[in-house]
Amino acid sequence: MGTETARSVHGRVDRPILYRWGAWCARRAWRVIAVWALVIVGAGLLVPKFTDSLTGSSLKVDGSDSARVETLLTEKFASPVSEDAVVVFDSTRHTADAPAYRAAVGAAVAALRDQEGVLDIADPYGADDPTLFSEDRRTLLVPLGLGGGERDRQDTVPRIQDTLDDVAADGEGVDVMLTGSSALNAAVVEQQDKDLARAESIGLPIALLVLLAAFGTLVAACLPLLLGVVALVTSFGALGAVSGVVSFDVFSQAVVTMLGLALGIDYCLFAVTRMREELAARKGDVPAAVGATMATAGKAVLFSGCTVIISVAGLLVVRAPVFRTMALGVMIAVAAMLAVATTLLPAVLGLLGPRIDKLAVPGMKRSVRTTDVSRSGWARWTKVVMRRPVLVGGLTSVVLLLAILPAAQLKLGFDVGASAVSDAPAGRGYELVADKFVPGAATPLQIVLDKPAGALDDADLAALEQLTERLRDNDDVAEVQSVTDVLRQQTGGVDAAGLRTLMEAAKQDGEGLGRLIATDGRTTALAVLPREAADSDASVDLVHWIRDTAVPDTVGERDGTSAFVGGLSAQTVDISEEVSRATPLVLALVLGLSFILLLLAFRSLLLPLSAIVMNLVSVGAAFGLLTLVFQEGHGASLLDFTSGGFIQAYLPLLTFVILFGLSMDYEVFLISRMKEEWGHSRDNTRAVTEGVAHTAKVITAAATIMMVIFAAFMITKVVEVKQMGFALAVAVLVDATLIRVVLVPALMRLLGSSNWWLPGWLDRVLPRVELTEGSAPPDDAPARDEAAGRPREEPAARG
């Protein structure tokens, strides 16, 4: 079919299916809008279900040591504690010995013993443990055991804090705060909700100003913004419908919001721009103009959206729920955007027709008129690039290489988010623990020894005691809690007979070993309190030392006995290793599937390859600048953050697939227009020049909107959202400037007609789904002279 529409046996133009679909939506606009009104109402009702079900950032990796620890603690112990947290008491008026202080602690302990989800809590005054009191005796820790999965614990945490707030209100100057992994996650969820609302309030008005500058009329400018918001609401509604069976990370809300607004607005922006061109070419024939818009810009939107979905789908191979749920959320959101762009958008365009140019902004009437793009500034710039491709492309390549270089030093880590929620009880409690005790007290490590073959014997207990002492000798360990200590204190020795006696006594009096030994005597747990914070290099190194040195040297592999290390620091190690394992596989899937899709779209071998290379360059530059700013700390004061010396563990892989999809967005729109011009002229230089001239303005406007929306998320307090916003904004800036309007034209000029080459045998076997199937011509347009092979003149293609 090439760039022309084929004629049917009856002599009429056989229009592409998207042309017919767009025209159908335009003629039945009110029906389509009525259906969408119902969809939006239903989606709006489901949005709270999505937002209320969000959980904090999970670092769980399926099959990892840390995941195995959580499973064993939950399934095999009489006290199935899956997380150790702490309640922090603090007062500037009283010491821990004051009656008012003791009364507050007693009231809190009594209230929490009956709290759902709290499995273990003890009165610190009866525990005879001086490490629970600060040196000035104004701060006191009460260890707390929480049960259930991550989502259960985060549902429990707010209720616990409400109970503690009531205790503090009844007390006399004693503050009470719950802190730990789940408490911090719950606080981050609440903080991020506030940050997202603020980012949207900043980004959307600025996006409207950009659209006004691009279109010059209020109607045309508001349409992409309105439909972008509709796409976002529909996305959240769809996610709410599945949130009953899938737990979405709070970070997914930020990612879907960023992409939903940016892509939704961009897709509508491209379509509205093409619609104005088609209306001018078709002399006001609205259904034909809408059909032509859908057959060109609409089809490019479909391919672009599919590319984003394919890119993000690569995350499904990562064995971590945070990646899989993020991928699912983004895929559902992009699918919702495509549904809006291919159904509601053509209906609204058909309803508006020429009225899309109403309400011109004073002083911007020139933007409303259709101008000759061949004489535009973008056309002149492209001609400069085409005359000096080596010089211009070479200088641009050097700049991009300098931006990419810092990415070689990228280091992964995990920020627990305490600084982002320093005003919340969980954040204040975490800081008190770090200042007056040891930071690891709020997020301890757990080591679980499991012997499926039978109960722990004398040799196992001797090895366990040796491991306990080896841990205590490490300078990075503040405290170790082990069943061997209880045995030596209660029985005077460490042996299997004494353990059985102790376990029997515990069953009779209901006290004792539920946290340290499983009911079958085959599994035991150690609690290790690191001296440094869970997200510090020292704690991460401690996990490696325990796994690689301490456990093999003491426990080893005896009679099938296995030792697993869990806790927040261990999860950080596990997810970093999983990212390293999965990255090559994700890259292969994303690049391979994208190549196939682009091969079908452009029917060329070199264009898909060059598109992938350009996208990798864009992503690499973003990673380099991300490393320079957030890891090295350059510009930290300007962006209001403190560098932790690393990038959030799951961010690079997630950012890569999103950036790859976004970069392909502009590539599809740019190359599809070039391909359209190539089909008319068979002149590579003219095709590249005309393609850039027709699309550069709208791509620049779209990129500006994306940058504004992404940059608005840099004002958030949550570090991963700030890093994501920065990376996406920088990547779009680089992509829309140095890549699409400089490097791509220069490279295509050097490759010449080879850009469009496809082996004949491959051309015959590939299905005909290329983007440039073409808009249907006006009915009075001359047909293509098939015999001579001369393309007809098609005003719609010239725009």
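Here, residue 1 is the first one in the sequence, and each next residue gets the next number. When reading the values below, keep in mind they use all heavy atoms of this one structure, side chains included, and skip hydrogens, waters and symmetry mates.
Within 6.0 Å of CZ on R198 lie no more than 12 heavy atoms contributed by other residues, nucleotides or ligands. When the shell of 6.0 Å around CD of E577 is examined, it contains more than 12 heavy atoms from other residues, nucleotides or ligands. Within 6.0 Å of atom CG in D475, 12 or fewer heavy atoms from other residues, nucleotides or ligands are found, so the atom counts as exposed in its surroundings. Remark: R581 CZ is packed, more than 12 non-hydrogen atoms of other residues, nucleotides or ligands lying under 6.0 Å away.
A donor-acceptor pair under 3.5 Å is formed between the side chain of Q631 and the backbone N or O of Q409. Proximity of a side-chain donor or acceptor of N755 to a complementary backbone N or O of M748 within less than 3.5 Å is detected. Listed for the K411 side chain is no donor-acceptor partner under 3.5 Å among the backbone atoms of F646. Although no hydrogens or angles enter the test, the distance criterion places a donor-acceptor pair under 3.5 Å between the side chain of D195 and the main chain of K717. Looking at S64, its side chain never comes within 3.5 Å of a backbone N or O of K60 through a donor-acceptor pair. No donor-acceptor distance shorter than 3.5 angstrom exists from the side chain of E431 to the backbone of S422, with no hydrogens or angles considered. A donor-acceptor pair is defined here as one N or O able to donate and one able to accept, closer than 3.5 Å; no such pair exists between the side chain of S536 and the backbone of E532. Of the possible donor and acceptor atoms, one in the side chain of S569 sits under 3.5 Å from a partner among the backbone N and O of A534. Side chain of D476 to main chain of P530: no donor-acceptor pair is present (N/O by atom type, distance under 3.5 Å, no hydrogens or angles). Within the 3.5 Å criterion, the main-chain N or O of M614 finds no donor-acceptor partner in the side chain of S618.
In this structure the side chain of W545 reaches within 4.5 angstrom of the side chain of N474, judged on heavy atoms. Residues I332 and S235 form no side-chain contact, since every pair of their non-hydrogen atoms from C-beta on lies 4.5 Å or further apart. Taking the side chain as every heavy atom from C-beta outward, L410 and P652 approach each other to under 4.5 Å. Using a 4.5 Å cut-off on side-chain heavy atoms (C-beta onward), V69 and V565 make no contact. The shortest distance between side-chain heavy atoms of M724 and Q648 does not fall below 4.5 Å. Between V256 and F236, the closest side-chain pair of non-hydrogen atoms falls below 4.5 Å. Inter-residue side-chain proximity for V586 and L653 is flagged as met; some heavy-atom pair is nearer than 4.5 Å. Two residues are said to be in side-chain contact when any heavy atoms from C-beta on lie closer than 4.5 Å; Y267 and L338 meet this criterion.
Atom CG of L184 is separated from atom CG of L568 by 8.5 Å, given to the nearest 0.5 angstrom. Between the CZ atom in F623 and the CG atom in L616 there is a gap of 10.5 Å [rounded to 0.5 Å]. Taking CZ of R319 as the start and CD of E578 as the end, the distance is 4.5 Å to the nearest 0.5 Å. Rounding to the nearest 0.5 Å places OG1 of T704 at 12.0 Å from CG of L209. For the atom pair CG of L599 and OG of S594, the computed distance is 12.0 Å after rounding to the nearest 0.5 Å. Between the CD1 atom of I310 and the CD1 atom of I596 there is a distance of 8.5 Å, given to the nearest 0.5 Å.
Ion pairing of D574 with R68 is absent here, as no side-chain N (NZ or NE/NH1/NH2) approaches a carboxylate O to less than 4.0 Å.
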Q) For S604 and L758, what are the C-alpha separation, side-chain angles and deciding distance, and is it a side chain to side chain contact (heavy atoms under 4.5 Å, CB included)? A) CA-CA 5 Å; S604 161; L758 184 69; 5.5 Å; no

**Q.** side-chain hydrogen bond (donor to acceptor under 3.5 Å, both in side chains) between W756 and N684, intermediate numbers included
**A.** CA-CA 9 Å; W756 317 101; N684 179 71; 3.0 Å; yes

Q) Going through the distances and angles, do M706 and I709 end up as a side chain to side chain contact (heavy atoms under 4.5 Å, CB included)? A) CA-CA 5 Å; M706 275 198 176; I709 291 174; 6.0 Å; no

Q: Go through the steps to decide whether F248 and L239 satisfy the test side chain to side chain contact (heavy atoms under 4.5 Å, CB included), and finish with yes or no.
A: CA-CA 9 Å; F248 288 100; L239 294 174; 3.8 Å; yes

Q | Residue pair Q571, V61: steps toward the side chain to side chain contact (heavy atoms under 4.5 Å, CB included) verdict | A | CA-CA 7 Å; Q571 288 180 323; V61 176; over 6 Å; no

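For the pair A327 and L316, the tightest heavy-atom approach, listed with the atom from each and the gap, is CB-CD2, 3.9 Å. Of all heavy-atom pairs spanning A622 and L659, the tightest one is CB-CD1, 3.9 Å. Contact record, P745 with V692: CG-CG2, 3.9 Å, taken as the closest heavy-atom pair. Across all non-hydrogen atoms, the minimal contact from S311 to V590 is O-CG2, 3.3 Å. Across all their heavy atoms, L628 and P406 have their closest contact at CD1-CG, 4.3 Å. Among all heavy-atom pairs drawn from L654 and M326, the shortest one is CD1-CG, 3.5 Å.
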